[in-house]
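Heads up: the structure comes next, in structure tokens.
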Amino acid sequence: MAFSEQRLRDDSGTGRNCLAFALLTDRWIAFSRARPDQSLMDRLAHLNPAQRDAVLTLSGPLLILAGAGTGKTRVITHRIAELIRGGIEPDRILSVTFTNKAAKEMLERTQALLGSGRRQKKPLISTFHSYCVRVLRQEIEALGYPKTFTIYDRGDQESAARKALRDVKIAETSLSPGDLLAVISRWKMTGITPQLSGRNCENDKEVLASSAYRKYQNNLRACGAVDFDDLLLLTNQLFDEFPEVLDRQQQRFDHVQIDEYQDTNGAQFELVEALVRKHQNLCVVGDDDQSIYGWRGAEVSHILNFQQHFKGAKVIRLEDNYRCTARILELANKLVKKNRDRHDKTLRAYRELGSSVRFRQFEDEQVEAENVIREIAFLIEKKGVAPQDICILFRTNEQPRIFESELRRQKIRYVIMGSQSFFDKREIRDILAYLKVLDNPRDETSLLRIINVPARGIGDTTVETLLKRAVRMGCSLFDAVPSALAEKEITPRAAEAIARFRRLLDDFRAQLQARPGDLPNIVSQLLETIDYASEIQKQYANEDMQMIRTEIMDQMVDSLRTYTAQAEEPSLSGYLEEALLVGREEDSDKDQKLNQDAVRLMTIHSAKGLEFKRVYLVGMEEGLLPHKRSVEADTATAIAEERRLTYVAITRAQDHLMLTWAAARKKWGKKKLSIPSRFLREMLGDELPEANPSAGGSDH
DNA sequence: AAGGAGGGTTTTTTT
DNA sequence: AACCCTCCTT
């Protein structure tokens, strides 16, 4: 297959320049030398012609087994573009990615590949969850749910789980809300309904969880709310019970493509299988060695058994790693080979040997952070390294704190990625709760969160009385007020406070309905009216803190502005959907520019699919990596997943990699000696270095 | 009803 | 150390 000029276009967004390169062949070669991996992959020259044809144009089931750093995202992006060039209508292609960010990037790259033509239609590139929301928004009423439903995020789920546990009223609650949610999620992903869950419980914990599950689900339904798992389950249920709905969805797409297939769970598999049942035009891409979401129900068996699930499937292997230096890759290979139950493959390094991977032990987590950050400061200031080429990887969300304060002390710009911290802040959760109640009056969980925030004279006793009555009468909390007042269960004063609150909500709801495009102003007016600012003043004594928290409120209104400006048809539900599914959506342009030259901090999980010139993998200790919970689970699969996690972390590094651990680490205020991770030994044998506290500067 | 003090619990990873 | 819950005082 000869390359047309079009195909030579860069898919990183700078289409014009690359076209010029294509015309000036010698310049192109100069360009290739500078960045051989990138340009080769852009042309897909690393594939042999047969692979290239298959990958780009083959119909029917196709499995692309692509190791880390083999350019799989590029390959499937090219595939979408190629299908479109081959005459498939763009909107008849569905491509599922793991995160919304990845989806956005893929769409941009596809459009860059296709050139800025006069194309109106776009391929549908989204996550499973976003796709399901789209379907449900159209069809959910068939299942007896209200047309407007609220999506519960992690925080809402926790509140709902806590309530369910309270309702079940077991004296010794041996089950935390988090544990309950984990059990429920596992049940949901394996198709166990609340009714079924009672049947074969293996222990007391599960019996308890089973009745809490029933309460939890009933409560969600009464609130007109769905959790993340429900989005998938309800869509599957729709497809099962309403053939015409499934038919409509099947008709919509000629080609379906799934990225990160190793991380699909049971419900997702079911969904995909149903969608492609008729034409079997399914292309999946993945790497079993990078399966790190087992705890969320992901099953590697889906990728291992793809050929059994889809008869006549073709398999293409991509085993040339263009990302890492040979030394880094060798280390990664050595580690992952310790796992059983995997497609045996060895990635070949395309790149040079590179500098040595460094291993360092430090006295404690403080010294670890100081040294790593000192080195980073040195690299940025003295060596001219770009901050955004540096990434610090962690196992848990608690680890970055100490690095964060070091970075701030050294005045290095940094950005903590992926952590949902923005929407986790109390103020944001409060405001979101207001928005949810405005959007969906039945959402009791959110209503209870804000009914007396800021304090407006509606106390706990009043709320509890009304709740009981509302359950008895089968009505809403508000509708229980008159009779409660009549029977003197609540004070007139409280009743008046509630009536005032109800009027407030109704008023703003009406405003939103009348002028949905005015969303930011209405919300900002709402914040004025309820005087949330003084709530913050009360909450925090420290003035700096008050400033910061007030700023958060402004950011919230900003994010509403950004949304309203870019949405085709702005609406409150649209905003909520984005906020909950996309997470911290679209930093403002200003932020994005600032972030461009910042050191990145993130968990290994959120680093999936990314790459960095320099990676610091910190906290290589037993109990952290592998995590304590996995060690305690004491199953080979749990440890194997931690090993894959380490593998993912290592293969994020392009040029330089350093692994560090602390000889002692503070936990819950107490210092404890720690043991170097078993994975270090697996990679190094007995060459494990002993204490090596001074590692400032660089040694390349 | 509100606010503060004190005590207990907590942290794996995320759409 | 940060958060939530409960209890106590006003």
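Protein chains get the first letters and strands the later ones, always in sequence-line order, with residue 1 at the start of each.
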- Message: From CG of Asp156(A) over to C1' of dT14(B), roughly how many Å is that when rounded to an integer?
- Response: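 Roughly 15 Å, once rounded to whole Å.
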
State whether [X] places a side-chain N or O below 4.0 Å from either non-bridging phosphate oxygen (OP1 or OP2) of [N].
| X | N | value |
| --- | --- | --- |
| Arg456(A) | dA1(B) | no |
| Thr461(A) | dA1(B) | yes |
| Asn452(A) | dA2(B) | yes |
| Ser130(A) | dT15(B) | no |
| Ser606(A) | dT13(B) | no |

- Query: Below 4.0 angstrom, N of the basic side chain to O of the carboxylate: do Lys628(A) and Glu622(A) qualify?
  - Reply: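 A salt bridge is absent here (no side-chain N lies under 4.0 Å from a carboxylate O).
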
- Task: Would you mind telling me which of dA2(C), dT15(B), dT11(B) lies closest to the side-chain atoms of Arg401(A)?
- Result: dA2(C)

- Query: What pairs with His605(A) under ring pair (Phe, Tyr, Trp, His ring centres under 6.0 Å), at least two apart in sequence or on another chain?
  - Reply: Tyr293(A), Trp295(A)

- Message: Donor-acceptor pair, distance only, cut-off 3.5 Å: does the side chain of Asp443(A) make one with the backbone of Cys223(A)?
- Response: no

- Message: Check for me whether the distance between the ring centres of Phe362(A) and Trp661(A) falls short of 6.0 Å.
- Response: no

- Kindly state whether the pair Phe228(A) / dT14(B) counts as stacked, where counting means centroids closer than 5.5 Å and planes tilted less than 30° apart. no

- Start at the 5' end of DNA chain B and walk down; is the nucleotide closest to Ala494(A) or to His605(A) reached first?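 So the residue in question is Ala494(A).
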
- Which sits closer to the 5' end of DNA chain B, His129(A) or Thr491(A), going by the nucleotide each is nearest to? Thr491(A)

- Hey, does Phe128(A) reach any base, or is it just sugar-phosphate, or nothing, if we go heavy atoms under 4.0 Å?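 Counting heavy atoms under 4.0 Å across all strands, no contact is made by Phe128(A).
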
- Scan Asp229(A) against the nucleic acid and name what it touches under 4.0 Å (heavy atoms): base, sugar-phosphate only, or nothing.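 Counting heavy atoms under 4.0 Å across all strands, no contact is made by Asp229(A).
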
